[in-house]
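Below, chain A is the first sequence line, B the second, and so on; all start at residue 1.
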There are 2 protein chains.
Amino acid sequence: MALKMRKNHSPNPPGPCMLTECMAVIAGAWAPNVIWSLRAGARRFSELKADIPPVTSKVLSTRLSELEARGVISRHVMPTSPPSVEYQLTALGRELIPALQAIVDVGHKLKSRA
Amino acid sequence: MALKMRKNHSPNPPGPCMLTECMAVIAGAWAPNVIWSLRAGARRFSELKADIPPVTSKVLSTRLSELEARGVISRHVMPTSPPSVEYQLTALGRELIPALQAIVDVGHKLKSRA
DNA sequence: CGGAATCCCCAGTGATACTG
DNA sequence: CAGTATCACTGGGGATTCCG
């Protein structure tokens with residue numbers, strides 16, 4: 001899986017800029033899945049990796065970084081031994097859930113008609 | 001802009017398969033914008049191209065072919081001279097609108113907080 | 001006008017291995 | 001456990017050109 005979204009073509013095209021804007025957030029391999037996995041609450045790196053088997057550590061950490069940079073998720077290092085890290089959606093990230101929910105809904109319809 | 005989605009990693013991963021399923025449909029460069037432009041009704045090739053300035057003819061026609069193949073849009077050749085072609089959403093395609101609407105909504109929130 | 005065919009290119013993935 | 005480092009590759013996308 002992979003998602004690419006052009007990140008910038010400077011003069012915002014007239015119409016569907018918001019669409020493009022937000023697509024960029026949920027773009028990137030496995031990004032939607034990560035958000036979806038976090039929808040019920042915080043999860044640790046290895047849990048996320050287990051939730052989404054085909055993802056590699058590299059891509060997962062890359063995606064987590066991006067999402068954190070965009071303010072969609074927050075990262076908390078737990079001072080345990082061995083150290084573990086928890087990720088959870090920020091308020092901003094939770095705003096994405098309805099959109100993903102809508103996508104999932106359509107996915108079901110697509111599936112049932114295929 | 002570009003979107004990639006893995007099309008198949010055979011044993012459907014437990015959870016977010018529907019998500020992936022549907023993401024694949026709206027993935028691909030400018031696909032969401034095309035659907036969005038068709039939201040209000042049928043449009044011709046050149047109109048779509050005008051709606052989404054940065055898209056090239058090749059990519060637009062590629063995307064239209066894919067979307068048609070997926071049953072999201074329908075293609076009608078008008079027997080005029082010069083010939084023109086109209087595209088419109090199928091019932092299936094219209095199912096996608098709520099999802100895109102949700103994405104646009106989130107886009108606004110993202111924008112207003114950035 | 002609408003779009004198919006070609007060529008090229010690199011960003012984004014994946015695989016693998018290594019580290020604190 | 002939670003990453004980072006390297007490498008190689010693939011195909012999606014852009015530009016350009018040609019066709020009916």
Return the value, rounded to whole Å, for the distance between atom [atom1] of [X] and atom [atom2] of [N].
X	N	atom1	atom2	answer
B:Leu60	C:dG3	CG	P	8 Å
B:Glu68	C:dA4	CD	C1'	15 Å
B:Arg43	C:dC1	CZ	C1'	16 Å
A:Glu47	D:dA2	CD	C1'	13 Å
A:Lys49	D:dT4	NZ	P	14 Å
A:Leu67	D:dG3	CG	C1'	16 Å
B:Tyr87	C:dC1	OH	P	15 Å
B:Leu64	C:dC1	CG	C1'	14 Å

Problem - Donor-acceptor pair present, A:Lys58 side chain and C:dG14 base, under 3.5 Å - result: yes

Phosphate-side-chain proximity, [X] and [N], N/O vs OP1/OP2 below 4.0 Å:
X	N	result
A:Ser84	D:dC1	no
B:Ser46	C:dG2	yes
A:Arg63	C:dG12	no
A:Arg44	D:dA2	yes
A:Trp30	C:dG12	no

Exercise for the section: Using modelled atom types only, decide if a donor and an acceptor are shared between the side chain of A:Ser37 and the backbone of A:Leu48 within a distance under 3.5 Å. Expected result: no

For the side chain of [X], counting heavy atoms from C-beta on, which of [options] is nearest?
X	options	result
A:Ala29	C:dG14, D:dC1, D:dG3	C:dG14
B:Arg75	D:dG14, D:dG3, C:dG3	C:dG3
B:Ser61	D:dG13, C:dG3, D:dC1	C:dG3

Exercise for the section: Report yes if the side chains of B:Trp36 and B:Val104 come closer than 4.5 Å at any heavy-atom pair, otherwise no. Expected result: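 B:Trp36 reaches B:Val104 side chain to side chain.
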
Exercise for the section: For B:Thr56, report the nucleic acid contact type (base, sugar-phosphate, nothing); a contact means any heavy atom under 4.0 Å. Expected result: sugar-phosphate

Of all heavy-atom pairs between [X] and [Y], which one has the smallest distance, and what is that distance?
X	Y	answer
B:Pro98	B:Glu95	CD-O, 3.1 Å
A:Cys22	A:Leu96	SG-CD2, 4.0 Å
A:Leu92	A:Arg70	CD2-O, 3.8 Å

